[in-house]
Amino acid sequence: MHHRTTLIAACLFAFAAAAETKAPSATSANPGLGEFPQADKYYWLAPRASVRLCPKPAPDILDRIQCPELTSGKFTVTEVVLLNKVPAYYRIEVDGGQAGYVRAEDKIQFLDQDPRDSARAPRANCAKLGEPKLGMTPGEAEKTCWAKPVTVNKLNIAHRIREQYVYGGGRYLYFENGILVAIEAGR
């Protein structure tokens with residue numbers, strides 16, 4: 001048991017030594033950071049998404065499991081923890097005062113607009129903008145009344161890129177190699 005504890009402590013020490021901290025910026029010269037996330041900008045968790053909000057960066061799954069689960073909310077990103085010059089963790093502050101670290105991979109669950117606003121958007125816009133149609137590209141589909149999806153699921157199989165655009169309410173668009181091949185209109 002002592003050997004395992006020593007090994008875990010050594011791993012955490014190595015992680016802490018290799019990690020650097022950086023405040024997020026609107027633009028960055030580091031291509032690994034890109035333009036996301038931005039400081040002083042609000043983000044929301046995608047519907048039915050959850051992240052573990054840990055008091056410190058937690059590389060070990062056993063440590064992360066003990067962290068409280070965040071399933072919704074509005075938050076800002078206040079810090080980026082880099083490991084080998086690549087984002088490893090984001091420190092977020094949730095409205096209401098709760099703060100902690102989430103994994104950088106969790107940023108796919110971050111939305112830049114309140115998902116409730118998207119759900120309430122009037123369908124009257126469809127008469128003006130039109131519905132998505134088979135054969136459209138993702139960019140063309142986002143210009144329809146369906147607009148941007150809540151999340152995008154990507155799968156790359158045998159040089160074929162398949163994407164599922166998730167809109168909520170049972171609405172999905174399915175793209176294959178950048179072309180809309182199926183529409184699920186939902187309720």
Side-chain angles (χ1 to χ4, degrees), residues 15-16 18-59 63-64 67-126 128-129 132 137-154 161 163-169 171-173 175 178:
F15 175 79
E20 30 178 320
T21 300
K22 180 175 182 110
S25 63
T27 58
S28 171
N30 184 339
L33 290 177
E35 293 184 22
F36 182 85
Q38 297 175 14
D40 300 323
K41 180 178 186 312
Y42 281 109
Y43 295 96
W44 290 262
L45 273 182
R48 294 178 294 287
S50 69
V51 295
R52 296 284 179 170
L53 190 61
C54 296
K56 64 182 181 3
D63 290 337
R64 265 198 325 272
C67 298
E69 189 173 32
L70 182 66
T71 57
S72 66
K74 179 177 172 184
F75 59 90
T76 57
V77 176
T78 60
E79 179 184 344
V80 179
V81 177
L82 302 175
L83 180 60
N84 297 325
K85 299 186 182 193
V86 176
Y89 294 91
Y90 297 122
R91 183 179 185 280
I92 66 172
E93 290 183 7
V94 181
D95 267 8
Q98 195 176 12
Y101 292 87
V102 298
R103 297 174 310 156
E105 300 94 60
D106 291 335
K107 81 177 182 180
I108 63 170
Q109 307 295 346
F110 298 0
L111 302 176
D112 59 1
Q113 68 182 32
D114 189 339
R116 294 174 298 184
D117 291 345
S118 299
R120 288 187 289 244
R123 298 285 296 166
N125 238 1
C126 282
K128 178 180 168 190
L129 299 174
T137 65
E140 292 169 336
E142 288 180 8
K143 291 178 184 174
T144 69
C145 65
W146 285 33
K148 291 188 182 250
V150 173
T151 59
V152 176
N153 299 314
K154 292 184 180 185
I161 299 171
E163 295 177 303
Q164 176 192 47
Y165 278 40
V166 180
Y167 288 90
R171 298 182 306 143
Y172 302 90
L173 297 180
F175 294 89

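Residue numbers count from 1 along this sequence.
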Is there a donor in the side chain of Ser50 and an acceptor in the side chain of Glu69, or the other way round, less than 3.5 Å apart? yes

So Phe110 and Tyr43, would you call those rings parallel, tilted or perpendicular, with 30° and 60° as cut-offs? tilted

By ring-ring contact (aromatic ring centres under 6.0 Å, His included), Tyr101 pairs with (sequence neighbours left out) none

Scanning both residues in full, the closest heavy-atom pair of Leu83 with Ala88 reads CB-CB, 3.9 Å

For Glu105, the salt bridge (Lys or Arg N to Asp or Glu O under 4.0 Å) test, sequence neighbours excluded, returns Arg103

*Are side-chain heavy atoms of Leu111 and Val150 found at a separation under 4.5 Å?*
yes

Applying ring-ring contact (aromatic ring centres under 6.0 Å, His included) to Tyr167 and not counting sequence neighbours gives Trp146

- request: I would like to know whether Tyr42 and Asp95 meet side chain to side chain contact (heavy atoms under 4.5 Å, CB included); could you show each step before the answer?
  value: CA-CA 10 Å; Tyr42 281 109; Asp95 267 8; 3.5 Å; yes

Taken in chain and number order and not counting sequence neighbours, the residues that satisfy side chain to side chain donor-acceptor pair (under 3.5 Å) with Asn153 are Gln164

Taking every heavy atom of Gln113 against every heavy atom of Trp44, the minimum-distance pair comes out as C-CE3, 3.3 Å

Salt bridge (Lys or Arg N to Asp or Glu O under 4.0 Å) filter on Arg52, not counting sequence neighbours, yields none

One should read off an interatomic distance between Lys56 NZ and Arg91 CZ, to the nearest 0.5 angstrom, of 14.5 Å

Would Lys41 and Asp112 count as a side chain to side chain contact (heavy atoms under 4.5 Å, CB included) if you check the C-alpha gap in whole Å, the side-chain angles of each, and the deciding distance to 0.1 Å?
CA-CA 8 Å; Lys41 180 178 186 312; Asp112 59 1; 3.2 Å; yes

request  = I would like to know whether Phe175 and Tyr165 meet ring-ring contact (aromatic ring centres under 6.0 Å, His included); could you show each step before the answer?
outcome  = CA-CA 8 Å; Phe175 294 89; Tyr165 278 40; 4.8 Å; yes

Could you please spell out the steps behind the side chain to side chain contact (heavy atoms under 4.5 Å, CB included) verdict for Leu82 and Val80? CA-CA 6 Å; Leu82 302 175; Val80 179; 3.7 Å; yes

Residues Gly178 and Pro138: closest non-hydrogen pair is O-CD, 3.3 Å

Between Leu53 and Val102, the two heavy atoms sitting closest are CD1-CG1, 4.0 Å

When rounded to the nearest 0.5 Å, the distance separating OG1 of Thr71 from CD of Gln109 is 12.0 Å

Ser72 meets the side chain to side chain donor-acceptor pair (under 3.5 Å) criterion, sequence neighbours left out, with none

Exercise. Applying side chain to side chain contact (heavy atoms under 4.5 Å, CB included), run through Thr151 and Ile108 and close with a yes or a no.
Key: CA-CA 8 Å; Thr151 59; Ile108 63 170; over 6 Å; no

Problem set entry | Test item: Glu142 side-chain N/O and Gly139 main-chain N/O as donor-acceptor pair under 3.5 Å | no

Between Ile92 and the options Leu45, Leu70, Thr76, the side chain to side chain contact (heavy atoms under 4.5 Å, CB included) test singles out Leu70

Taken to the nearest 0.5 Å, the spacing of Glu93 CD from Lys74 NZ works out to 13.5 Å

